[in-house]
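Here's the structure we're looking at; comments come further down.
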Amino acid sequence: MAPPAPVTDLDSHFFWDGLRDGKIVLQRCTSCSRFRFPPMPRCPFCRNPEASIEEISGRGEVYSWIVAQRAFAPEFAADVPYVLATVDFDAGCRAVVRVEDGEEIDFGDRVEPVIVDHPDWSELRVRLSTS
């Protein structure tokens, strides 16, 4: 069973379209220049509604992680257990993403992006960095 596709809206469609094209694109505030995630209608730091859309590398560092022992939805039952990590991206924002082969994960580990294509959408995951 395939995982459910995300519900996109005016604020997030660019992010999902970018993943489908193999890119990680985020909003960057045109006032304070900070990246923000998840996509939202205004900057959480300075409240400016204007943003540019810019590609980031998706590389970053593990802030924390958990091992999911139960599926959050039936579509994920076959994947249990799996690792979810909070990652501080080098671009300066934080996100929770699934970790590929994360059995040996630790605080501060470097990660790199993995884009997983599903039939109707693409998902951002990370793996431990090899470099």
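No hydrogens, no waters, no symmetry mates; every other heavy atom, side chains included, goes into these values.
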Next on the checklist: Please enumerate all residues that pass side-chain contact (heavy atoms from CB on, under 4.5 Å) together with Gln69, with sequence neighbours excluded.
Outcome noted: Val67, Pro81
Item to check | Non-neighbouring partners of Asp17 that pass side-chain contact (heavy atoms from CB on, under 4.5 Å), sequence neighbours left out | outcome: His13
Checklist entry - Considering residues at least two apart in sequence or located in another chain, which fulfil the side chain to side chain donor-acceptor pair (under 3.5 Å) criterion with Asp9? => result Ser12
Next on the checklist: Test your reading of the model: is there a side-chain donor-acceptor pair from Arg28 to the backbone of Ser33, 3.5 Å cut-off?
Outcome noted: yes
Item to check | Tyr63: hydrophobic cluster co-members (side-chain, 4.5 Å) | outcome: none
Checklist entry - For Ile53, what residues pass the side-chain contact (heavy atoms from CB on, under 4.5 Å) criterion, not counting sequence neighbours? => result Phe14, Val25, Gln27
Checklist outcome for this item: Applying salt bridge (Lys or Arg N to Asp or Glu O under 4.0 Å) to Glu55 and not counting sequence neighbours gives none
Item to check | Partners passing side-chain contact (heavy atoms from CB on, under 4.5 Å) against Ala77 (at least two apart in sequence or in another chain) | outcome: Ala71
Item to check | Same apolar cluster: Ile115 and Phe15, side chain cutoff 4.5 Å | outcome: yes
Checklist entry - Would you call the rings of Tyr82 and Phe76 parallel, tilted or perpendicular if under 30° counts as parallel and over 60° as perpendicular? => result tilted
Item to check | Ile24 vs Leu19 side-chain heavy atoms within contact, under 4.5 Å | outcome: yes
Checklist entry - Of all heavy-atom pairs between His118 and Pro3, which one has the smallest distance, and what is that distance? => result CE1-CG, 3.4 Å
Checklist entry - About how many Å separate NZ of Lys23 and OG of Ser122, when rounded to the nearest 0.5 Å? => result 13.5 Å
What side-chain donor-acceptor pairs closer than 3.5 Å can you find for residues 37-51, not counting sequence neighbours?
from  : atom 1 : to    : atom 2 : distance (Å)
Arg42 : NH1    : Arg47 : O      : 2.5
Asn48 : OD1    : Glu50 : N      : 3.3
Asn48 : ND2    : Thr30 : OG1    : 3.1
Asn48 : ND2    : Glu50 : O      : 3.2

Next on the checklist: Are Phe35 and Trp16 connected into the same hydrophobic cluster when the rule is that any two of I, L, V, M, F, W, Y join if their side-chain heavy atoms are below 4.5 Å apart?
Outcome noted: yes
In a table with atom names and distances, give each donor-acceptor pair under 3.5 Å that connects a side chain of residues 96-107 to protein atoms at least two apart or in another chain.
from   : atom 1 : to     : atom 2 : distance (Å)
Arg98  : NH1    : Asp79  : OD2    : 3.1
Glu100 : OE2    : Arg125 : NH1    : 2.5

Next on the checklist: Checking Thr8 now: which residues fulfil side chain to side chain donor-acceptor pair (under 3.5 Å) with it, not counting sequence neighbours?
Outcome noted: none
Item to check | Steps toward side chain to side chain contact (heavy atoms under 4.5 Å, CB included) verdict (Val111, Leu128) | outcome: CA-CA 4 Å; Val111 293; Leu128 297 178; 4.2 Å; yes
Next on the checklist: Hydrophobic clusters here meaning ILVMFWY residues chained together by side-chain heavy-atom distances under 4.5 Å, can you tell me if Leu84 and Val114 are in one?
Outcome noted: no
Item to check | Pairs touching residues 83-95 that satisfy salt bridge (charged side-chain N to carboxylate O under 4.0 Å, His left out), sequence neighbours left out | outcome: Asp88-Arg94, Asp90-Arg110
Item to check | Test side chain to side chain donor-acceptor pair (under 3.5 Å) applied to Asp120 - qualifying residues, sequence neighbours left out | outcome: none
Next on the checklist: Is there a side-chain contact between Arg20 and Asp117 in this structure, where contact means two heavy atoms from C-beta onward sitting under 4.5 Å apart?
Outcome noted: yes
